[in-house]
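For reference, the structure discussed in these notes is given below.
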There are 2 protein chains.
Amino acid sequence: MRGGCEAIDSDWACRSNRPMDDTGGIAEVTSGGGVMRFPAAKPLRLDSGATLSPLEVAYKTYGQLNAEKSNAVLVCHALTLDQHVASAHPTTGKPGWWSRAVGPGLPIDTDRYFVICANVVGGCMGTTGPASTNPETGEPYGLSFPVITIGDMVRAQAMLVETLGIETLFAVVGGSMGGMQVLQWAADFPEKIFCAVCIAAAARHSAQNIAFHEVGRQAVMADPDWRGGAYEKAGVRPEKGLAVARMAAHITYLSEAALQRKFGRELQRDGLSWGFDADFQVESYLRHQGASFVDRFDANSYLYITRAMDYFDLGAKHGGVLAEAFRKARAVRFCVLSFSSDWLYPTAESRDVVRALNAAGCRASFAEIESDKGHDAFLLDEPQLDATLRGFMAAQAQARGLA
Amino acid sequence: MRGGCEAIDSDWACRSNRPMDDTGGIAEVTSGGGVMRFPAAKPLRLDSGATLSPLEVAYKTYGQLNAEKSNAVLVCHALTLDQHVASAHPTTGKPGWWSRAVGPGLPIDTDRYFVICANVVGGCMGTTGPASTNPETGEPYGLSFPVITIGDMVRAQAMLVETLGIETLFAVVGGSMGGMQVLQWAADFPEKIFCAVCIAAAARHSAQNIAFHEVGRQAVMADPDWRGGAYEKAGVRPEKGLAVARMAAHITYLSEAALQRKFGRELQRDGLSWGFDADFQVESYLRHQGASFVDRFDANSYLYITRAMDYFDLGAKHGGVLAEAFRKARAVRFCVLSFSSDWLYPTAESRDVVRALNAAGCRASFAEIESDKGHDAFLLDEPQLDATLRGFMAAQAQARGLA
């Protein structure tokens, strides 16, 4: 550990009891991690101009860092996910969100790589966010938490990685908002990464995506229990609003074909209720998604992280020329992946990224993976994704001398 | 007028002062109409098994019924629209919602046709709906209003048409939920229609569409001012919840391309607010859509009408064989239209309708109209739509001897 940071809460380091996942993978992963606290002397400088201090970053690790410290893989998580990428979620008890890709013998092989995953700044799973205590008031930040960006999330990750004594990451990998972070890493810290995998993401948030996020935020803010963001102090939670936000968002993570295949017009019971109960299975499914989400996520974190995604526009600083953002990333080996049925981050947006990478002279592989599962395909059983990820990682490991 | 019904509220009959619309059409339309009250002896028998009485149907008419009563065109409206198809909306003062298609010299030519448009059962613009007085309690129905279907809406329209002394409609025309009603007319009253135009609709509501409707309903019901549907009695209105519902729905009426073209990532002001104000124009636009909607629409009507759409599955009664629903409609001339960028009612669903019409031996024209405007294209400036509608109507008028 460097720079006077302290790792706290190390009881998080544990051997996970990962239940059997639906791929049949039951290997246990040796996991570590904890919460890294950065002192006042090392504040997080934010894109807004503000600083955040003290900063705590909650993270998990899997596998072993080699002696050369050359086998570290940073996995960046999506909007509502967290650091529990390959071990059970402490609240829900469910397997890690990418247990099917991260683990011994899996595409991100914890027998070979030292995998790090950190909860993003603004999150609610241990990293400093709007539910943390504002040192100026001694109360939860709420809306006094500064607006953060994808760049801020990445800067906090870079502080963590440096403190762990790692100069260069072998890989940065992520899907959805995680993919945005991957691109931001390539733009801001190209010298610190060997390769980069950006899945189902884009270099800027589209008008339609901003629109859906705004619906979610308005749903949260419309809930009287939101209390202008100060619900924690009031001992309430805007659960109904957050559930509605999640329901709307959840539709965008799927595809019409997937919804049709999974649910169609199937009913919950024999016959219609002739009322407003959940008649259709798809209604019941969505209600469940909303209800279970509020148990594991903080409403203000939802506002801040969606805002960070909306603000994301990697080319903006460069007069809208995305390639300029990647000018210094020529040595980074990129893999860009999209899914054919993803309408949240359609393939066209991944192609824009690849075009910019090519224009910048970077090495970029690109694949559109055929899937009817929509945006969420990156989390699901997609053999083509597994094969592509496995092949890319293995080839880069060889190039890096890790094989 | 037949059957002891009375036309009330006839002050609605007026010469509209339609402001100039964006097509440059400024012709005034002679309009009539009012509210038709059906006595207890003529209740509306509902698909649920319940009956609705007394029933009032608010409607508008444009143009003159000819001596043979052979030139009547029924226009069926979409979810949140109403009978004010070609004259100013009494609440908003805006031009009729289809002023660009219905009027003198327009595709649905009020110089030639007698156009009728009625507010649907369950609506909130004068036809009996959840805000109407429940005769059993003397209070607004609220959730004691029976769940209604597209079939019920059409049955009420048929009662109106019959009472107006019209045996056969020259045409039934509608887009979106209006298109569903057109198909229902063809299934239930094929002998009463000469031709039918179904625009941007489907023969059954998809899982994704049910999902979006459920989000909207949950948003309304999450608002504490909804009061279990009894908000009117309490003197409040679930405005925030209804606005969120509208915002979510509104995104589905557009297309990603249209949002990108109209708004992209354009900001409201110079620079970001670093907060939760509407930074992006698309946010401000959506907020406006939500806020203005609650001024003109009733929250319970929104619940009931979305439910009617979700329940719509024209083939279900026929063992899922849609063609069976159209078996008796062989004499009806159909025109089915879709828009290439409509993801709410994609072209594939119109093709399913056309396939079933063909299988039933009906005469069906079909066109997919190229447009990037999404579902709302049916209400917007689409010259190809105008031309197709004009051509179809004129050809059918000739066949009907109206030319």
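In what follows, chains are A, B, ... by sequence order, proteins preceding strands, each numbered from 1.
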Heavy-atom closest contact (B:A222 atom, A:V244 atom, distance): CB-CG2, 4.4 Å
Taken in chain and number order and not counting sequence neighbours, the residues that satisfy side-chain hydrogen bond (donor to acceptor under 3.5 Å, both in side chains) with B:K373 are B:E382
Gap between atom CG of A:D310 and atom CZ of B:F280 - 0.5 Å precision: 6.0 Å
Identified side-chain contact (heavy atoms from CB on, under 4.5 Å) partner of A:I210 from the options B:D279, B:L259, B:V282: B:V282
Relative to chain B, which segment of A:H213 carries a heavy atom at a distance below 4.5 Å: side chain, backbone, both, or neither? neither
Taking side chain as C-beta onward, heavy atoms only, is B:E256 less than 4.5 Å from A:P346? yes
Below 4.5 Å from any heavy atom of chain A, which atoms of B:H205 appear? Answer side chain, backbone, both or neither. both
Is it the case that more than 12 heavy atoms not belonging to A:R261 sit under 6.0 Å from its CZ atom? yes
If we define contacts as heavy-atom pairs under 4.5 Å, which of B:G241, B:P146, B:A211 has the most with chain A? B:A211
Please find the pair of heavy atoms, one from B:L303 and one from A:F276, that lie closest to each other, and give the distance. O-CE2, 3.3 Å
What distance separates A:S284 OG from B:E214 CD, expressed to the nearest 0.5 Å? 9.0 Å
Straight-line distance of B:Q218 CD to A:M247 CE, nearest 0.5 Å: 5.0 Å
Given a strict heavy-atom distance threshold of 4.5 Å, which part of A:D313 is in contact with chain B: side chain, backbone, both, or neither? both
Heavy-atom check, side chain of A:R217 versus side chain of B:E283, under 4.5 Å: yes
Interatomic spacing from CG in A:L286 to CZ in B:F212 - rounded to 0.5 Å: 9.5 Å
Among all residues two or more places apart in sequence or in another chain, which pass the salt bridge (charged side-chain N to carboxylate O under 4.0 Å, His left out) test with B:D152? B:R155
Contact winner vs chain A - B:F263, B:Y304, B:Y311, heavy-atom pairs under 4.5 Å: B:Y311
Between B:Q260 and A:Q208, is there a side-chain heavy-atom distance shorter than 4.5 Å? no
Min side-chain heavy-atom separation A:W274-B:T149 under 4.5 Å: yes
Shorter than 4.5 Å, heavy atoms on both sides: which option in A:E239, A:R307, A:H250, A:Q281 has the most such pairs with chain B? A:R307
Side-chain heavy atoms of B:P224 within contact of A:K240, under 4.5 Å: no
Who among B:D47, B:I148, B:L254 has the most heavy-atom pairs with chain A under 4.5 Å? B:D47
